[in-house]
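What follows is a short report on a single structure.
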Amino acid sequence: MILHSYPSSPYTRKVHIAIQLLGFSDRVTVRNADVSDPADQLRRDNPLGKVPALLLGNGTSVYDSPVILEYLDHLAGGGRIIPREPEERLAVLTLQALCDGALDACLLIYAESYYRTPEQRVARWVDRHAGKVERALAALEATTPALSGMPNVGQIALACLLGYRDFRFDKTWRDTHPRLHAWHDAFAAAVPAFAASAPFDL
Ligand SMILES: N[C@@H](CCC(=O)N[C@@H](CS)C(=O)NCC(=O)O)C(=O)O
């Protein structure tokens, strides 16, 4: 399998963590895609031109990160990082959706500062997305998931969300969300793949 990846992408980090947790590192070749290059192989394998995308041995490709994690769980026999039991499964997938949605908002806020000059930036747009992140973190602080055994996709997404806050934003979330702070540090200690996939800019 070939994983179209990028080292600063939090969604790609989710996939790297799952690959390591499930023992698939030897079966996946990682390549860094150039999301800006129309000729990059990424756009052939994912018309959206987004990482992560996983090209399978049979030539089909799988994206986006929740779908790739679902595929990896299936490949590992199922029920490893996505619970089989419907109620638990729904809760875990909803946790993943909340964290991915907060990440989407973080990326939009970052893009506003990356692509636009200070004069072009729209405070109302940034505030709207900052509100999503704020509400998501407040909800997560109130219902921090228990951590024991194999992490599930919701917990993986939560770790990547908090890691992305550390990477692209200030670290004030740690002071304002003490339970999430403790949870993040416990996850980092329990899951070596988290530190191994720490984001960086190329
Ligand atoms: N919902 C997608 C989001 C993927 C995504 O937004 N990836 C970003 C990198 S962090 C990307 O490839 N952006 C390039 C672009 O949109 O052109 C997922 O979970 O995989």
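Worth knowing before you read on, the calculation uses all heavy atoms, side chains too, and leaves out hydrogens, waters and symmetry mates. Just so we're clear, the structure is a prediction, and the values are computed from it rather than from any experiment. Numbering of ligands and ligand atoms starts at 1, following listing order.
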**Prompt:** Does Arg174 pair with Asp166 as a salt bridge, N-O distance under 4.0 Å?
**Reply:** yes

**Asked** For Arg121, does the CZ atom sit with more than 12 other heavy atoms under 6.0 Å from it, leaving out its own atoms?
**Response** yes

**Asked** Rounded to the nearest 0.5 Å, what separation is found between the CG atom of Leu54 and the CD1 atom of Ile68?
**Response** 5.5 Å

**Request:** Closest by any non-hydrogen atom to atom 2 (C) of ligand 1: pick that one out of Val15, Thr12, Val35, Asp64.
**Result:** Asp64

**Nearest neighbour in protein (non-hydrogen) for atom 17 (O) of ligand 1** = Gly49 O, 4.0 Å

**Electrostatic pair Asp40-Arg31, nearest N-O below 4.0 angstrom** = yes

**Asked** Considering distance alone, does some N or O of Pro10 sit under 3.5 Å from an N or O of ligand 1?
**Response** no

**Asked** Just distances here: any N/O of Tyr11 and N/O of ligand 1 closer than 3.5 Å?
**Response** no

**Request:** For Glu70, look at atom CD and say whether over 12 heavy atoms of other residues, nucleotides or ligands are found less than 6.0 Å away.
**Result:** no

**Asked** Among protein heavy atoms, which lies nearest atom 12 (O) of ligand 1, and at what distance?
**Response** Val51 N, 2.9 Å

**Request:** Among all protein heavy atoms, pick the one closest to atom 10 (S) of ligand 1 and tell me residue, atom and distance.
**Result:** Ser9 OG, 3.3 Å

**Request:** Can you pull out the closest protein heavy atom to atom 13 (N) of ligand 1? Residue, atom name and distance to 0.1 Å, please.
**Result:** Lys50 CG, 4.2 Å

**Asked** Atom CG of Leu107 and atom OH of Tyr11: how far apart are they, to the nearest 0.5 Å?
**Response** 4.5 Å

**Prompt:** Do the rings of His129 and Trp125 sit parallel, tilted or perpendicular, given the 30° and 60° boundaries?
**Reply:** perpendicular

**Message:** At under 4.0 Å between heavy atoms, is it the side chain or the backbone of Asp104 that contacts ligand 1, or both, or neither?
**Reply:** neither

**Item:** Carboxylate-amine/guanidinium proximity below 4.0 Å for Arg168 and Asp201
**Value:** yes

**Request:** Answer yes or no for Pro66: is there a heavy-atom contact with ligand 1 below 4.0 Å?
**Result:** yes

**Prompt:** Which ligand 1 atoms are under 4.0 Å away from a heavy-atom of Leu107?
**Reply:** 10 (S)

**Request:** Identify, for atom 19 (O) of ligand 1, the protein heavy atom at the shortest distance, and state residue, atom and that distance.
**Result:** Ser65 OG, 2.6 Å

